[in-house]
Amino acid sequence: MQGPLKKILIADDEALIVMNLEESLQRRGFEISGICGDAQSAVNMARELKPDLVVMDIVMPGEKDGIEACEIIQEELDIPVILLTAYGGEGNIKRAQHASPSALLMKPCESDHLALAIQVALDQ
């Protein structure tokens, strides 16, 4: 990868998934700018850290979920968001599509699929 490392914010409340994401992304040459476990923290950290991209779970504890946080981050900061979910219910999928994330991936996702989604999002 040329130029400075692209900074990624990871927002997920499952420690094992966060650890796997962090390891996989760092191996591919990305810098992890921050990690958080709820949607409101993701919004706050995105405002503060200005990452190049956010990888976020849809279902997290707190008043907001990842879909709401995705909408705020994209509207306010114009930062691409990739949403992850283990819950493929039609309601979540429709809400997620309405939020227009750069990608929506089912967990567990292959690291190659995530890397491709990140590259496409960063190239837009």
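Here, residue 1 is the first one in the sequence, and each next residue gets the next number. The shown structure was predicted, so the numbers you read here are calculated from the model rather than taken from an experiment.
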Are Val54 and Leu49 connected in the hydrophobic side-chain network, where two residues link if heavy atoms are under 4.5 Å apart? yes
Spatial distance of atom CD1 (Ile73) from atom CE (Met56) [nearest 0.5 Å]: 4.0 Å
Could you state the interatomic distance from CG (Leu104) to SG (Cys70), rounded to the nearest 0.5 Å? 9.5 Å
What are the two closest heavy atoms between Pro51 and Ala46, and how far apart are they? CD-O, 3.7 Å
Please give me the minimum heavy-atom distance between Leu84 and Asp57, naming the atom from each residue. O-OD1, 3.0 Å
Over all heavy atoms of both residues, which pair between Ala117 and Ala103 is shortest? Give the atoms and the distance, please. CB-CB, 3.8 Å
Of all pairs that satisfy salt bridge (charged side-chain N to carboxylate O under 4.0 Å, His left out), the ones with a partner from residues 63-72, not counting sequence neighbours: Asp65-Arg95
Atom CZ in Phe30, atom CG in Leu114: separation rounded to 0.5 Å? 8.0 Å
Output the distance between atom CD (Gln119) and atom CG (Leu53), rounded to the nearest 0.5 Å. 10.0 Å
Value rounded to 0.5 Å, distance of CG in Asp112 from CG in Leu116: 8.5 Å
Passes side chain to side chain contact (heavy atoms under 4.5 Å, CB included), Val55 versus Leu105? Steps please. CA-CA 10 Å; Val55 175; Leu105 300 174; over 6 Å; no
Output side-chain donor-acceptor pairs under 3.5 Å for residues 7-18, partner residues at least two apart or in another chain, one line each.
unit_1, atom_1, unit_2, atom_2, d
Asp12, OD1, Glu14, N, 2.9
Asp12, OD2, Lys107, NZ, 3.0

Salt bridge (charged side-chain N to carboxylate O under 4.0 Å, His left out): which pairs involve residues 41-54, sequence neighbours left out? Arg47-Glu76
Could you walk me through whether Ile32 and Leu21 pass the side chain to side chain contact (heavy atoms under 4.5 Å, CB included) test, one step at a time? CA-CA 10 Å; Ile32 305 305; Leu21 284 171; over 6 Å; no
Stepwise side chain to side chain contact (heavy atoms under 4.5 Å, CB included) check, Ser111 with Arg28: CA-CA 9 Å; Ser111 64; Arg28 292 181 181 275; 3.4 Å; yes
Correct closest heavy-atom pair for Gly66 and Ala39 would be N-CB, 4.1 Å
Please tell me if the side chains of Thr85 and Leu83 come closer than 4.5 Å, counting only heavy atoms from C-beta onward. no
Separation between CG (Leu5) and CG (Leu25), nearest 0.5 Å, reads 12.0 Å
Ser102 versus Gln124, closest heavy-atom pair with distance: OG-OE1, 4.4 Å
Nearest heavy-atom approach of Pro101 to Ala96 is CD-O, 2.9 Å
Are there over 12 heavy-atom neighbours, none belonging to Asp123, within less than 6.0 Å of that residue's CG? yes
